[in-house]
Amino acid sequence: MTQKLDESTPERKKRVRRLITALKKLYPDADCALTHDNPLELLISTILSAQSTDETVNKVTPVLFRKYKSAKALADAPREDVEEVIHSTGFFRQKAKSIQGTCRKIVEDFGGDVPDTMDDLLTLPGVARKTANVVLGTAFGKCEGIVVDTHVGRISTRLGVTWSSKNGKDAVKIERDLMEVVPRKDWIFWGHALVRHGRRICNARKPDCTSCTLAKNCPTSETHSATASGAA
Ligand code: SF4
């Protein structure tokens, strides 16, 4: 599933460009679906989105941000109050701990403002490269990496544009492969577009290859089509 295809790097880069052209036709306005008004809100929303849906997070965050309007207010809030508000997003105890730890660090080390570099963001508790890339790309317009969530990892693997992660789940290795072949100007778009594609067409259990416009540039389309039609 994750083996490197028999194509040269220039050939793979050309195929990726064709995929990006098709994705831009499909999702011309691909953007972050998490509702936010500033970098802090996006950071907290992204932490909450782990193992949850954007819809659920978008219902919870207006309540959270109305109650707590700054990193300091969130850091100082009673833990059980935060847990109660974010309860429906799942893993609420761990998420409340991460949110308050992150907010405390933002207050203590960054004067209350979300930092805008990868190195600084990675010092925040509960923030790994995926969250840092979301905040850098969407809130600050800085392209330092590619967001690799479950959709991006799965579809990039099916598309044969990542090969280093043996189980197709190592986000750091997948991101490194993608940064080799996706043009930097499209790094932010790649993440947003594949999240959309994963929800609409290329879902985990039953990718709809017959109606997928990426199929002619996707090496696994025939495998999935054959499986769906019951072929051996
Ligand atoms: S052709 Fe199938 S496997 Fe490939 S991206 Fe489209 S839906 Fe996914």
Side-chain angles (χ1 to χ4, degrees), residues 1-34 46 49-57 129-131 133-134 137-138 143 145-232:
M1 189 74 171
T2 57
Q3 84 248 19
K4 197 165 185 173
L5 291 174
D6 188 17
E7 69 183 346
S8 66
T9 301
E11 283 168 344
R12 187 171 303 107
K13 285 184 175 176
K14 267 192 204 159
R15 189 164 60 84
V16 166
R17 282 204 293 275
R18 290 196 294 274
L19 287 165
I20 289 169
T21 302
L23 284 166
K24 284 188 174 168
K25 280 190 191 144
L26 278 176
Y27 312 110
D29 57 351
D31 204 352
C32 179
L34 293 167
T46 307
S49 70
Q51 311 290 325
S52 187
T53 64
D54 292 346
E55 290 74 23
T56 302
V57 173
R129 279 192 69 91
K130 188 202 95 172
T131 299
N133 275 324
V134 170
T138 301
C143 206
I146 298 178
V147 173
V148 177
D149 75 346
T150 175
H151 295 295
V152 178
R154 178 181 71 253
I155 302 172
S156 299
T157 302
R158 287 175 175 170
L159 290 171
V161 293
T162 175
W163 53 89
S164 299
S165 170
K166 292 223 177 331
N167 60 5
K169 290 183 177 164
D170 187 325
V172 173
K173 288 181 177 170
I174 292 170
E175 185 187 2
R176 199 181 52 213
D177 289 344
L178 291 175
M179 286 164 76
E180 251 188 64
V181 293
V182 176
R184 188 170 188 136
K185 67 180 174 48
D186 292 313
W187 284 1
I188 298 172
F189 173 78
W190 183 267
H192 291 322
L194 289 202
V195 169
R196 293 266 190 105
H197 201 58
R199 288 183 180 142
R200 278 194 47 205
I201 309 263
C202 189
N203 57 49
R205 293 210 176 138
K206 255 186 150 184
D208 185 6
C209 302
T210 49
S211 56
C212 179
T213 55
L214 308 185
K216 58 179 178 290
N217 287 296
C218 175
T220 61
S221 64
E222 285 179 15
T223 317
H224 292 300
S225 302
T227 307
S229 64

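Numbers here simply count residues along the sequence, with the first being 1. Counting starts at 1 for both ligands and their atoms, in listed order.
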Could you list the atoms of ligand 1 found under 4.0 angstrom from a heavy atom of Cys202? 3 (S), 5 (S), 7 (S), 8 (Fe)
Under 4.0 Å between a side-chain nitrogen and a carboxylate oxygen: does that hold for Asp170 and Arg176? no
Counting backbone and side-chain atoms alike, does Cys218 have an N/O/S atom under 2.8 Å from atom 8 (Fe) of ligand 1? no
Among side-chain atoms of His192 and Tyr27, is any donor-acceptor pair under 3.5 angstrom? no
Is it the side chain (CB and beyond), the backbone, both or neither of Cys209 that lies under 4.0 Å from ligand 1, heavy atoms counted? both
Atoms of ligand 1 under 4.0 Å from any heavy atom of Ala215, numbered from 1 in the order shown, are 1 (S)
State plainly whether the residues Arg12 and Asp177 are in salt-bridge range, i.e. N to O under 4.0 Å. no
Distance-only side-chain donor-acceptor flag, Asp54 / Thr56, under 3.5 Å: no
A student checking ligand 1 against Thr220 at a 4.0 Å heavy-atom cut-off should list atoms 3 (S)
Element-labelled atoms of ligand 1 that are located less than 4.0 Å from some non-hydrogen atom of Pro207: 7 (S)
Any chance you could lay out the salt bridge (Lys or Arg N to Asp or Glu O under 4.0 Å) test for Lys24 and Asp186, step after step, and finish with the verdict? CA-CA 10 Å; Lys24 284 188 174 168; Asp186 292 313; 2.8 Å; yes
